[in-house]
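What's counted below: heavy atoms across the whole structure, side chains too, no hydrogens, waters or symmetry copies. Worth saying up front: this structure is predicted, and the values here are computed from it rather than measured.
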Amino acid sequence: MPALNQSVTKHLTLLLFIGLAWGQFFDSKGISFGIGDTETGISLVGFNLSKNLDDNYTIFFGAGSFIYVNPICIGIRNYKESETGKSSYPFFSIQYSISSTSGYFIPTFGLVTERILNSNSGKLKAGLMTFLAPNGVGVGPILRFEKNF
């Protein structure tokens, strides 16, 4: 089983780096700090890329770190920017969480409210995510600052 996890980790890492190389394809890139995130999963710090599919849906790729756990995420959110700078949206992602001993796929659902800051390059996010972890179902908060570039 460890050989399978190493193989999956190598392939997901390669996929993430290819995504980074194609950075011009994506509509936004961001780095974020805080507890939990839609794009970077169960993490304290993370980097994400997103592409708008249409006016309502966005796909995203992200990677983050939470001490000994390092999730890589891919997902979709039903997102629509509002003229007031506030918006709420549901999201779904699949995290591959890599720890020092193993890796796990973790489906994650959640609901987030975000506020775009005056500079239009920063966001404050608050929400709740539910995830199916290897030891059962978990719930976690999302309290995050994201800087887009």
Heavy atoms only: give me the nearest Phe92-Pro107 pair and the separation to one decimal.
-> CE1-CB, 4.3 Å

To the nearest 0.5 Å, atom CZ of Phe61 lies from atom NZ of Lys51 at 11.0 Å

Are the side chains of Val112 and Arg144 in touch, meaning some heavy atoms are under 4.5 Å apart?
-> no

Taking the side chain as every heavy atom from C-beta outward, state whether Thr108 and Phe91 have any pair of such atoms under 4.5 Å apart.
-> yes

Cluster companions of Leu128 among Ile, Leu, Val, Met, Phe, Trp, Tyr (side-chain spacing under 4.5 Å) | Val139

Taking only residues two or more places apart in sequence, or in another chain, which ones meet Lys147 in a salt bridge (Lys or Arg N to Asp or Glu O under 4.0 Å)?
-> none

Would a 4.5 Å heavy-atom cut-off, applied to side chains only, mark Thr58 and Tyr89 as touching?
-> no

Between Arg115 and Leu124, is there a donor-acceptor pair closer than 3.5 Å when you use the side chain of the first and the backbone of the second?
-> no

If you take all heavy atoms of Cys73 and Gly41, which pair is closest and at what distance?
-> SG-N, 3.6 Å

Can you find a pair of side-chain heavy atoms, one from Phe109 and one from Leu111, that are under 4.5 Å apart?
-> no

Mind checking salt bridge (Lys or Arg N to Asp or Glu O under 4.0 Å) for Lys125 and listing every partner two or more places apart, or none if nothing turns up?
-> Asp37, Glu39, Glu146

side-chain contact (heavy atoms from CB on, under 4.5 Å) between Ser32 and Thr40: does it pass, once the steps are laid out?
-> CA-CA 9 Å; Ser32 58; Thr40 61; 4.2 Å; yes

State whether the number of non-hydrogen atoms from other residues, nucleotides or ligands found under 6.0 Å of Phe145 atom CZ is greater than 12.
-> yes

Would Leu143 and Val45 show up in the same hydrophobic cluster when neighbours are defined by side-chain heavy atoms closer than 4.5 Å?
-> no

Distance col, row Ile94:CD1 vs Ile74:CD1, nearest 0.5 angstrom, shows 9.0 Å

ILVMFWY cluster, Leu132 and Met129 together (side-chain gap under 4.5 Å) | no

Between Asp27 and Asn52, is there a donor-acceptor pair closer than 3.5 Å when you use the side chain of the first and the backbone of the second?
-> yes

Heavy-atom distance under 4.5 Å between the side chains of Asn48 and Phe60, does that happen here?
-> no

Under 4.5 Å between side-chain heavy atoms, hopping through other hydrophobics if needed: is there a path connecting Phe66 to Ile35?
-> no

Roughly how far, to the nearest 0.5 Å, is the OG atom of Ser93 from the CD1 atom of Ile76?
-> 11.5 Å

With rounding to the nearest 0.5 Å, note down the distance linking CG in Leu49 to OG in Ser28.
-> 8.0 Å

For the pair Phe131 and Val137, evaluate side-chain contact (heavy atoms from CB on, under 4.5 Å) and give the outcome as yes or no after the intermediate values.
-> CA-CA 6 Å; Phe131 47 90; Val137 176; over 6 Å; no

